[in-house]
Each structure stands twice: as structure tokens, then as C-alpha cells.
2 protein chains.
Amino acid sequence: MILSKSCVYAIRATLYITAQENREYIPVKEIAKELNLSFHFLTKILQGLTNASLMKSYRGPNGGVAMARSADSIYLIEVIDVMDGLDIFSECLLGLPNCNDINPCPLHEEWAKNRTSIHKMFQTMTLSQIVNNIDKLRLGL
Amino acid sequence: MILSKSCVYAIRATLYITAQENREYIPVKEIAKELNLSFHFLTKILQGLTNASLMKSYRGPNGGVAMARSADSIYLIEVIDVMDGLDIFSECLLGLPNCNDINPCPLHEEWAKNRTSIHKMFQTMTLSQIVNNIDKLRLGL
DNA sequence: GACATTTAAGATAAAGGAGTCTGAAATATG
DNA sequence: CATATTTCAGACTCCTTTATCTTAAATGTC
């Protein structure tokens with residue numbers, strides 16, 4: 001798995017929240033139930049996104065979590081950055097610390113192509129775009 | 001990291017062995033020293049490759065390990081398969097068990113492209129080819 | 001103000017990957 | 001046959017990720 005479980009849960013949760021367009025704060029309990037995730041674990045994960053200012057939260061009845069900005073301005077890479085960091089997009093496939101364009105390992109060139117392609121994918125997809133896909137194409141979440 | 005550390009160590013070791021063209025069995029101790037890996041840990045990893053018949057071994061003085069077949073017929077994907085399995089090349093990015101071409105998650109199409117590209121890369125590169133790269137281009141290992 | 005609801009924070013536990021260590025088995029050499 | 005060398009097998013430890021649980025703090029409603 002290229003992304004950690006925490007990161008995947010974070011992505012799924014932000015997509016769920018984005019899909020609830022006309023609602024303000026969404027309770028974590030609801031998200032956990034709908035996505036079939038552990039409530040406590042998801043709570044901790046979303047706290048991380050809140051601390052990173054990618055989401056906002058509100059306590060008490062009718063409270064919950066929401067995206068901090070408009071979902072059409074939030075790119076997938078931002079969620080990944082908060083959860084897993086961006087090292088995977090620059091790391092050597094063989095984990096060699098000295099490997100780079102000037103001093104490459106034997107797999108560097110081929111791997112860098114794929115790495116960059118994946119990076120671009122995450123850099124260009126917004127939460128809104130993905131949710132539109134869900135609506136238009138009736139995709140699963 | 002897309003590949004486990006064990007898998008990466010296995011790849012680096014098989015490349016080292018492949019590079020020792022005119023020698024028969026190579027001691028694990030030597031490989032560990034040259035690649036700066038833990039001897040005991042590498043021993044366990046290479047035993048896995050031996051059990052999977054990708055490598056052969058010989059005990060006693062002048063013993064060691066060697067590739068079971070000619071290195072120009074061994075594809076990188078075979079090493080990866082033994083160590084990590086091939087699930088990463090069919091797994092959903094979001095880990096959703098029901099996601100596939102017919103019933104895709106919202107990221108499926110984009111991800112499947114990249115996943116396939118990486119898979120093909122590993123399916124087409126032989127150990128010999130990679131070692132030739134090392135020699136020709138003076139790449140690091 | 002009492003109470004229910006909801007996130008925040010942090011301690012703790014469970015599981016898996018990474019790494020270490022010890023002793024047994026095989027084999028070459030003298 | 002004794003010894004040194006090397007892989008084989010398995011137990012064990014350590015660390016990170018994943019997951020659970022408990023208590024505190026904030027807030028809306030009556």
C-alpha cells in the first residue's frame with residue numbers, strides 16, 4: 001500500500017464531507033458509521049487535519065467537522081502531505097539516500113517517471129473534482 | 001515506501017550477486033558487508049528467495065548463495081513477488097475491496113494507469129539489464 | 001444551571017514489520 | 001576425525017503503525 005491506512009481514511013473522510021455540500025458541520029460519528037471506520041481512530045485522524053488547518057471543527061450538539069476551505073481549492077496532495085508527508089514523491093525506490101538525478105541508482109530513471117506521474121495526479125485532483133466523479137459516474141466510496 | 005525494506009534488500013542483494021558474473025557461490029557475509037546490511041537479517045531474507053527457488057545455496061567453506069537461473073531470465077517482478085506479493089499491483093488506492101474496472105472508486109481510473117505502468121516496469125526489467133546499466137552508466141548500488 | 005452531545009487530548013493495547021541472537025546442520029580442509 | 005566455515009531454522013526483541021479506551025473541555029437546549 002503506497003499510502004498509510006490513516007492517510008486513506010483521511011482521504012475517504014474528506015471526500016465524504018465534500019459530498020455533503022449543503023450541510024455545515026458533520027459529526028465524526030456519522031462519517032465513521034457511513035465509511036465503516038472506527039470512530040475513535042477516525043477522530044484522532046481528523047484532529048490531525050484540523051490541527052493542520054485543512055479542516056475546522058465545532059464542539060457540542062450540532063457540532064462536527066468541516067473542510068476549512070472550499071473543496072474546489074483543496075488538492076488531494078494536501079491531505080497526503082498532512083498524513084504521510086511528501087517524502088514518497090522524492091524517495092529512491094531502493095531507499096538509497098544518495099540517489100538523485102546526478103548520482104542515480106540503476107532504477108532511478110524509470111522509477112522517477114512513475115513517481116512524478118503519481119505526484120502530478122495528486123497535485124491536480126481537487127476534492128470537488130473527485131466528488132463530481134462520484135456523482136456523475138455513480139462511483140463507490 | 002512502495003516496497004518493504006525486506007524486498008528492497010532482496011533486490012539489492014540479487015543485483016550484487018548478478019554483478020559477480022564469473023563467481024559461483026557468494027557468501028551472505030560478503031553481500032551484507034558490501035551493501036551495508038545486517039548479516040542476520042539478510043540471511044533470513046535470502047533464505048526466503050532460496051525457498052522460493054529463485055536462488056540456490058550451498059553450505060560450508062566456499063559456500064554461499066547464487067541465482068538459481070541465468071540472471072537474464074529473472075525479472076524484477078519475481079523478486080518482488082516472493083517478498084511482498086503482487087497485491088500492490090491490483091489493490092485499490094483507497095484499499096476498497098470492491099473497487100475494480102466495473103465498480104470503480106473515484107480514483108480508480110487514474111490510479112490504475114500508474115499502477116499498471118509500475119507493474120510493467122518490474123515485469124520487463126531483468127536483473128542482467130539492470131546490472132548492465134550499472135556497468136555502462138557507472139550508477140550506484 | 002442541568003444535561004446531552006460532540007470534539008480534544010492522551011494513555012494504553014494489539015499487530016506487524018524490522019532486526020538480533022543462538023544453536024543446529026552441512027561441508028570443505030588438513 | 002577435528003575444526004572452521006557457511007547456510008538453516010526458529011525464538012526473541014524492538015519499533016512503528018493501527019486501534020481502543022477514558023477523561024476533559026466546549027457548546028446547544030431545555
Side-chain angles (χ1 to χ4, degrees), chain A residues 1-14 17 20 23-68 80 82-85 87-88 94-95, chain B residues 1-13 17 23-68 80 82-85 87-88 94-95:
Chain A
M1 220 182 207
I2 188 169
L3 302 174
S4 70
K5 285 202 172 190
S6 299
C7 186
V8 164
Y9 296 166
I11 292 172
R12 292 179 61 203
T14 55
I17 293 164
Q20 315 295 309
R23 298 170 62 193
E24 186 64 29
Y25 287 96
I26 317 286
V28 178
K29 195 167 286 179
E30 173 187 329
I31 305 171
K33 192 178 177 189
E34 289 298 320
L35 300 184
N36 201 26
L37 301 176
S38 149
F39 164 66
H40 284 110
F41 193 35
L42 184 59
T43 293
K44 189 195 267 183
I45 290 168
L46 298 188
Q47 271 172 35
L49 295 179
T50 302
N51 288 335
S53 301
L54 207 55
M55 296 185 34
K56 56 187 177 181
S57 65
Y58 200 81
R59 298 197 229 195
N62 307 318
V65 294
M67 298 316 298
I80 293 168
V82 171
M83 298 306 300
D84 288 356
D87 282 356
I88 33 165
L94 299 181
Chain B
M1 221 181 205
I2 188 171
L3 303 174
S4 71
K5 286 204 173 190
S6 298
C7 185
V8 165
Y9 296 165
I11 292 172
R12 292 180 61 205
I17 292 164
R23 298 171 60 193
E24 187 64 28
Y25 288 95
I26 317 286
V28 177
K29 196 168 286 178
E30 173 188 329
I31 305 171
K33 191 178 178 189
E34 290 298 320
L35 300 183
N36 201 27
L37 302 175
S38 150
F39 164 67
H40 286 291
F41 194 32
L42 184 59
T43 293
K44 188 196 268 183
I45 290 167
L46 297 188
Q47 269 172 37
L49 295 180
T50 302
N51 288 335
S53 301
L54 206 54
M55 295 186 34
K56 57 185 176 180
S57 66
Y58 200 81
R59 299 197 228 193
N62 307 319
V65 294
M67 299 315 298
I80 294 169
V82 171
M83 299 307 300
D84 288 357
D87 282 356
I88 32 166
L94 301 181

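Residue numbers start from 1 in every chain, and the chains themselves are labelled A, B, ... in the order their sequence lines are given, proteins ahead of strands. We use all heavy atoms of the structure for the numbers below, so side chains are in, but hydrogens, waters and symmetry mates are not.
- C/dT27 atom P lies 15 Å from atom CD of B/E24, rounded to whole Å.
- One finds no side-chain N or O of A/N62 lying less than 4.0 angstrom from the OP1 or OP2 phosphate oxygen of C/dA4.
- At the phosphate of D/dT7, neither OP1 nor OP2 sits under 4.0 Å from any side-chain N or O atom of B/T50.
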Checklist line | Step-by-step side chain to side chain contact (heavy atoms under 4.5 Å, CB included) determination, B/L46 to B/I31 | finding: CA-CA 11 Å; B/L46 297 188; B/I31 305 171; 4.2 Å; yes
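- For the pair A/P61 and B/I26, nearest-nucleotide mapping onto DNA chain D gives the more 5' position to B/I26.
- Which of D/dA9, D/dG28, C/dT7 sits closest to the side chain of A/V28 comes down to C/dT7.
- In this entry the distance linking CE of A/M1 with C1' of D/dT16 reads 17 Å, nearest Å.
- Nucleotide C/dA26 holds its P atom 14 Å from the CD atom of B/Q47, rounded to whole Å.
- Classification of the A/Y9-A/F41 ring pair by plane angle, with boundaries at 30° and 60°, yields perpendicular.
- B/I2 places none of its side-chain heavy atoms less than 4.5 Å from the side chain of A/I88.
- Between B/Y58 and C/dA28 there is a side-chain N or O to OP1 or OP2 distance below 4.0 Å.
- For A/R59 and D/dA24, the CZ to P distance is 14 Å, given to the nearest whole Å.
- Across every non-hydrogen atom of A/G95 and B/M1, the tightest pair is CA-CE, 3.7 Å.
- With hydrogens and angles disregarded, no donor-acceptor distance shorter than 3.5 Å links the side chain of B/D84 to the backbone of B/L3.
- Looking at B/L49 and B/M67, their side chains never come closer than 4.5 Å, going by heavy atoms from C-beta outward.
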Polar pairs (N or O, both sides) under 3.5 Å between protein and nucleotides 19-22 of chain C?
residue, atom, partner, partner atom, Å
C/dG19, OP2, B/Y9, OH, 3.3
C/dG19, O6, B/K44, NZ, 3.0
C/dT20, OP2, B/S38, OG, 2.7

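- Between the P atom of D/dT6 and the NZ atom of B/K56 lies a distance of 18 Å, rounded to the nearest Å.
- Following rounding to the nearest Å, A/I45 (CD1) and C/dT7 (C1') show an atom-to-atom distance of 15 Å.
- Here D/dT5 presents its C1' atom at 15 Å from CD1 of B/I31, a figure rounded to the nearest Å.
- Residues A/E34 and A/R12 form no side-chain contact, since every pair of their non-hydrogen atoms from C-beta on lies 4.5 Å or further apart.
- The CG-P distance, from B/L3 to C/dG17, rounds to 14 Å in whole Å.
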